[in-house]
Undergrad: 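I'd like to ask you about the structure that follows.
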Protein chains: 2
Amino acid sequence: MITNMKHIKKELTDKNIKPTYQRLCILEYLHDNLVHPTVDMIYNKLVDRIPTMSKTTVYNTLKIFSENNIVNEITITGTETRYDTNCKSHQHFLCKKCKKIYDINITYQDSEIINKDIFGHKVQEIHGYFKGICKQCLENDKIKD
Amino acid sequence: MITNMKHIKKELTDKNIKPTYQRLCILEYLHDNLVHPTVDMIYNKLVDRIPTMSKTTVYNTLKIFSENNIVNEITITGTETRYDTNCKSHQHFLCKKCKKIYDINITYQDSEIINKDIFGHKVQEIHGYFKGICKQCLENDKIKD
DNA sequence: TTTCATATTTGTAATCATTACAGATTAATA
DNA sequence: TATTAATCTGTAATGATTACAAATATGAAA
Ligand SMILES: [Mn+2]
Ligand SMILES: [Mn+2]
Ligand SMILES: [Zn+2]
Ligand SMILES: [Zn+2]
C-alpha cells in the first residue's frame, strides 16, 4: 500500500463520489500501478483481495472516474482501453512488441491550444503518442543475435 | 470514380500486391472517401456494386494494405479502427459527438524524431490528435438554443 | 487445352472487450 | 425498524475482429 488511503478517499469525496470499498481499492491500485493497466489487470489483481469483486464493477467504477476526470482513458492500442491517473499533460510511447505504454514527458505548448478553437473545432483534449520498439525489447533482441 | 484506376493499380503492383478486383475497389473507395471510414462503411458501400463481397475480404485487404503502408490504422475512438490513405504526416480531430474525424494540418518537426530514439525507445510512428466538439456540431447546438 | 499447385475470396464460427440488465446486497433515511 | 435509494454482482447480449476451412479464381507446366 504505497498511496495514502486518506488522500484517495478525499479525492472521491471532493467530487461527490461515495468512497465505497471497491472504488477505493480500484483507485488505490491505479495510483500504485502507473503502468496504464487494462480492466483485466485491475480485476485480476483485486479479486485476490476481494473475492466478490465483479469485473462489471471495475468497468462501472472506471466509467465514473473517467466522467469525473479522475482517470484518463487511453485508446491507442486498438484492442482494449488502458487507464491513467497521471492527469498532468504528458505523451505516451506504445511498444508494438510488448504492448507496454511508457510515459513521455515532452513539454508542449498545450495551454495555447486547450479550450480554444482549431479550425473552428472546440478542443477539449490533446493526445500525442509514439509507436515503436521499446528500450527493453531492443535490448532483448540484441541478446538473441 | 474520382481517382484514376491506373494509378491505383500501379500503387499495388509497385508493392508486389496482386491487383485483384476486390483490392482495387477497396483502395479506390479509400482514395475517394477521405473521411477515415470504418470497415463497415467500406463494406456496405462496396457490397452494392459487388454483391459477392465479403466483410472478411475487407478486413484481409486492409491488413495487407496496412502492412505495406498503403493505409494507416487510426485507433483513437476506442470502438473501431478507422482507415486513412493520407500518408503525409498530419494530425486528427475526433468529435466526441458525431464521431467524425477531421484532418488537422499542423506542421510539426516530425523529421527530428522519427526513426530516432526517445529515452532509448525506437520511434516508428508519431500520432497526435485532439478531442472535442466539431464546428458542425457546435453550430447545430447553437440552432437548438 | 488440361492438370495441378497456389493465391484469393467467401461464409461461418469463435474470440474478446465492453455494455445491458435485472436481481442481490448494502447504505442512508425516516 | 421499515422504506428507499445506491451500489454491486452475475449473466446475457452486443459488436468488432479473427480463425478457419471450403469454394473459387489464377497461373504455370505438361
Ligand atoms: Mn501516462
Ligand atoms: Mn487523416
Ligand atoms: Zn517493448
Ligand atoms: Zn461533430
Side-chain angles (χ1 to χ4, degrees), chain A residues 8-9 12-13 15-29 36-68 70-83 94 96 99 101, chain B residues 8-9 12-13 15-29 36-68 70-83 94 96 99 101:
Chain A
I8 288 174
K9 198 168 180 179
L12 295 182
T13 50
K15 304 228 177 185
N16 289 320
I17 299 166
K18 213 168 284 182
T20 67
Y21 185 57
Q22 286 86 344
R23 287 169 183 172
L24 288 169
C25 287
I26 291 168
L27 188 52
E28 183 195 31
Y29 176 89
H36 316 92
T38 64
V39 164
D40 259 55
M41 288 167 68
I42 299 166
Y43 170 76
N44 283 317
K45 186 70 188 195
L46 293 185
V47 78
D48 289 340
R49 187 157 34 126
I50 312 149
T52 60
M53 174 68 80
S54 164
K55 200 177 278 187
T56 302
T57 299
V58 179
Y59 275 105
N60 291 340
T61 302
L62 290 169
K63 195 183 178 198
I64 292 171
F65 288 178
S66 175
E67 288 164 353
N68 286 275
I70 291 170
V71 300
N72 284 323
E73 299 184 346
I74 301 177
T75 56
I76 63 184
T77 68
T79 51
E80 79 285 284
T81 306
R82 311 275 290 251
Y83 294 88
L94 168 64
K96 288 182 184 177
K99 310 299 179 194
I101 293 178
Chain B
I8 288 175
K9 198 166 181 178
L12 295 183
T13 50
K15 305 227 177 185
N16 289 320
I17 299 167
K18 213 169 282 182
T20 67
Y21 185 57
Q22 286 85 343
R23 288 170 182 171
L24 288 169
C25 288
I26 291 168
L27 188 51
E28 183 195 31
Y29 176 89
H36 315 92
T38 64
V39 163
D40 258 54
M41 287 167 69
I42 300 167
Y43 170 76
N44 284 316
K45 186 70 188 195
L46 294 185
V47 78
D48 289 340
R49 188 158 32 127
I50 313 149
T52 60
M53 174 69 80
S54 163
K55 200 177 278 187
T56 301
T57 299
V58 180
Y59 275 105
N60 291 339
T61 303
L62 290 169
K63 196 184 176 197
I64 292 171
F65 287 178
S66 176
E67 287 164 353
N68 286 274
I70 290 171
V71 299
N72 284 323
E73 299 184 347
I74 301 176
T75 57
I76 62 184
T77 68
T79 52
E80 80 285 284
T81 306
R82 311 274 290 250
Y83 295 89
L94 168 65
K96 289 181 183 177
K99 309 299 178 194
I101 293 179

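The chains referred to below are lettered A, B, ... by the order of the sequence lines, with proteins before strands, and numbering in each begins at 1. This structure is a prediction, so every number in the text was calculated from the model and none was measured.
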Undergrad: Nearest whole Å is fine: how far is C:dT8 C1' from B:Leu62 CG?
TA: 15 Å
Undergrad: Quick one: which of C:dT19, C:dT10, C:dA28 gets closest to the side chain of A:Tyr59?
TA: C:dT19
Undergrad: At 4.0 Å (heavy atoms only), tell me whether B:Thr38 reaches a base, stays on the sugar-phosphate, or touches nothing.
TA: nothing
Undergrad: Please state how far atom NZ in A:Lys55 lies from atom C1' in D:dA12, giving the value in whole angstrom units.
TA: 15 Å
Undergrad: Between C:dT9, C:dT18, D:dC8, which nucleotide has the shortest distance from any of its atoms to the side chain of A:Gln22?
TA: D:dC8
Undergrad: When the distance from CG of B:Asn60 to P of D:dA16 is rounded to whole Å, what number comes out?
TA: 17 Å
Undergrad: Does A:Thr56 contact D:dT11 through a side-chain donor or acceptor facing the base, at a distance under 3.5 Å?
TA: yes
Undergrad: Of all the choices, D:dT7, C:dT10, C:dT9, which nucleotide is nearest to the side chain of B:Thr20 once you look at every atom?
TA: C:dT9
Undergrad: The side chain of A:Arg23 lies closest to which of these nucleotides: C:dT12, C:dT8, D:dC8?
TA: D:dC8
Undergrad: Judged by atom type as modelled, is there a donor-acceptor pair below 3.5 Å linking the side chain of A:Thr75 to the main-chain atoms of B:Ile76?
TA: yes
Undergrad: Would you mind telling me which of C:dT18, D:dT17, D:dC8 lies closest to the side-chain atoms of B:Glu80?
TA: D:dT17
Undergrad: Mind calculating the distance between CZ (A:Arg82) and P (C:dT18) to the nearest angstrom?
TA: 11 Å
